[in-house]
Amino acid sequence: IKDNADLSGIFVQMKLTIIQNADPDLIRNIATYANSQNRVKTADLNSSHPFYIKIEDFSRKIYAPKAVGQLVQQLWFFERARGQYDQPMMQMTTKKQRDEYKAKNPKEKKFTLTDLAKYCNAADTLPHCVSWGGEVNAAHFHNRMLKQWEKDSAYFNEYYYKTLIGKKILFAFIEKVISNQQWYQERKAYRPQLVAYTFSKLVESANDLNLRIDYGDIWAKQDVPSQFEKDIALIGKIVFKCIYATQGNIGTYCKQEACWKNVKSKDYTISDSLKDILVTPQDIRVSETSSKKDQRFADSIQSEVDIFNKGPKYWASLLERGLQQRVVNAQDKKNLEIVVKYCKMEYSELSKFQLKYALETIKKLKDNGIE
């Protein structure tokens, strides 16, 4: 690029796998078994799960509230796969384009899959998992996420995304507060563990009072209220004393649940000034319930659009194959016939129940290898 070299005579051998239908499991397996020379991280293999794709989608369209004096509204950039942040700039030909891209997507607002897992597990009082480091902690988070996804994928909605960013902002704030404490300055070690444990102890102390941290408010302000600082410093010192009291290796001790139980057992009461800006579980539940309803509606609209876009011939073919292989029953046949008529625009829309039963039949066919 620098020397404008002629690349017309350069050929690079490659293997191309064309996948007819998007199958995350197949893609993940290809990535796993075709990369024996270059190490592929577990987090990278998990990144094709719909949850991470959804977070990526939110991060490209939900702009953060503008801070005072900020000229350009910005995004928090979720780098689901390595190199995603830099890739668009490789196609840009001018400095102006790159500057505009960086202004909208500042590098300090970029976060990765392992970062996401770190914020969430710390907020869910699992600091001992965070202490294992990026890959292991990401696997812990992924397994917990899968259970919730199977139970109710609508839980992961815009509100969830905004609270995730609220956790990220609070995590960075805790890191800053701890870094400025004299007791930390004297040793300057184990900061990741100190931050994770302080975050979890802060959440636990709020829970003891049946109160919750309002991550939605942190998102709205794009900053952490000053009332948090004093409590974070005091909790951080409690954590510091706990982990340094061990007779063994501190890093190893922090990975054990026993360490978290020890930190949890230390008495701490949140200050009145912080207590005043915390919220009740009921307040959080109202926001979550409303957002889940909105997400279910959005998901149903998207499912309906996806069904329509495949066209009547596709669904008629699917029905025929299902009948040939004796996979569909009378009700399944009726469901798919409704879908065919909808795609032919004989119906203006699918009812909530028609869509539900159609999706169940489509899943049944897919489970039997028909898609």
Side-chain angles (χ1 to χ4, degrees), residues 54-55 58-70 72-78 106 108-111 115-127 130 141 148 154-178 180 195-236 268-295 298:
K54 183 174 277 192
I55 297 297
F58 287 148
S59 79
R60 303 298 191 269
K61 70 182 184 184
I62 300 178
Y63 283 82
K66 262 189 183 181
V68 178
Q70 188 179 310
V72 180
Q73 205 163 4
Q74 297 175 336
L75 293 165
W76 289 86
F77 191 100
F78 175 51
E108 62 270 18
K109 280 185 164 65
K110 183 188 84 169
F111 63 105
D115 292 331
L116 180 157
K118 179 172 62 177
Y119 311 139
C120 291
N121 277 355
D124 289 341
T125 64
L126 296 167
V130 179
F141 170 77
Q148 180 60 48
Y155 175 80
F156 302 107
N157 47 53
E158 287 196 15
Y159 176 75
Y160 176 90
Y161 173 73
K162 290 175 181 178
T163 59
L164 165 63
I165 300 302
K167 292 167 187 174
K168 181 188 188 317
I169 294 170
L170 180 56
F171 195 97
F173 183 80
I174 293 171
E175 197 169 53
K176 183 180 175 183
V177 171
I178 285 177
N180 291 333
V195 174
Y197 270 89
T198 300
F199 197 146
S200 294
K201 179 67 175 173
L202 177 67
V203 171
E204 188 72 21
S205 299
N207 291 347
D208 288 342
L209 300 172
N210 198 30
L211 294 171
R212 303 290 184 268
I213 296 170
D214 190 353
Y215 299 111
D217 181 61
I218 294 175
W219 158 267
K221 292 182 170 74
Q222 290 292 291
D223 198 6
V224 178
S226 59
Q227 291 93 324
F228 277 87
E229 187 168 352
K230 180 184 173 184
D231 289 86
I232 287 169
L234 292 171
I235 291 171
Y268 182 78
T269 304
I270 283 176
S271 66
D272 290 338
S273 60
L274 178 55
K275 204 184 299 180
D276 289 342
I277 62 169
L278 298 179
V279 294
T280 66
Q282 290 75 21
D283 294 327
I284 300 295
R285 207 169 294 125
V286 167
S287 298
E288 287 179 343
T289 303
S290 172
S291 297
K292 277 204 277 189
K293 285 180 181 176
D294 291 344
Q295 189 61 49

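- Of the possible polar contacts, one joining the Asn157 side chain to the Tyr159 backbone as a donor-acceptor pair under 3.5 Å is found.
- A distance of 9.5 Å separates NZ of Lys167 from CD1 of Ile213, quoted to the nearest 0.5 Å.
- Counting heavy atoms from C-beta outward, Lys110 and Phe78 have side chains that stay 4.5 Å or more apart.
- Taking CZ of Phe58 as the start and CZ of Phe156 as the end, the distance is 11.0 Å to the nearest 0.5 Å.
- Counting heavy atoms from C-beta on, the side chains of Leu278 and Arg212 never come closer than 4.5 Å.
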Report the C-alpha separation of Lys201 and Thr198 in whole Å, then their side-chain angles, then the decisive distance to 0.1 Å, and conclude whether the side-chain contact (heavy atoms from CB on, under 4.5 Å) test is met. CA-CA 5 Å; Lys201 179 67 175 173; Thr198 300; 5.8 Å; no

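- Taking all atoms of both residues into account, the shortest heavy-atom contact from Tyr268 to Asp231 is OH-OD2, 2.6 Å.
- Looking at residues two or more places apart in sequence or on another chain, you find no side chain to side chain donor-acceptor pair (under 3.5 Å) involving Asp223.
- Interatomic distance, CG of Leu274 versus CG of Leu211, reported as 9.0 Å (0.5 Å rounding).
- A search for side chain to side chain contact (heavy atoms under 4.5 Å, CB included) contacts involving Lys168 returns Trp76, Phe111, Tyr119, not counting sequence neighbours.
- The side-chain heavy atoms of Phe199 and Pro127, taken from C-beta on, include no pair separated by under 4.5 Å.
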Stepwise, does the side-chain contact (heavy atoms from CB on, under 4.5 Å) test hold for Gln227 with Asp276? CA-CA 9 Å; Gln227 291 93 324; Asp276 289 342; over 6 Å; no

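- Between Pro281 and Asn210 there is a side-chain heavy-atom pair separated by less than 4.5 Å.
- Counting all heavy atoms, side chain and backbone alike, Gly216 lies closest to Thr163 at N-CG2, 4.2 Å.
- Residues Val177 and Phe228 form no side-chain contact, since every pair of their non-hydrogen atoms from C-beta on lies 4.5 Å or further apart.
- Asp208 and Ser205 share no side-chain donor-acceptor pair at under 3.5 Å.
- Two residues are said to be in side-chain contact when any heavy atoms from C-beta on lie closer than 4.5 Å; Lys118 and Phe141 fail this criterion.
- Between atom CD1 of residue Ile235 and atom CD1 of residue Ile174 there is a gap of 8.5 Å, rounded to the nearest 0.5 Å.
- For Glu204, the CD atom sits in a packed shell: over 12 heavy atoms of surrounding residues, nucleotides or ligands are nearer than 6.0 Å.
- Here the closest heavy-atom approach between residue Ala122 and residue Ala196 is recorded as CB-O, 4.2 Å.
- Two residues are said to be in side-chain contact when any heavy atoms from C-beta on lie closer than 4.5 Å; Lys109 and Gln222 meet this criterion.
- Atoms CG and CH2, on Leu170 and Trp219 in that order, are 15.5 Å from each other to the nearest 0.5 Å.
- Heavy atoms only, all atoms of each residue included: Gln70 and Val72 are closest at NE2-O, 2.6 Å.
- Cys120 and Leu164 get closest at one heavy-atom pair: SG-CD1, 3.6 Å.
- Of the inter-residue distances, the one linking Phe171 atom CZ with Ile165 atom CD1 reads 14.0 Å to the nearest 0.5 angstrom.
- Residues Pro225 and Ile277 share a closest heavy-atom pair of CB-CD1, 3.6 Å.
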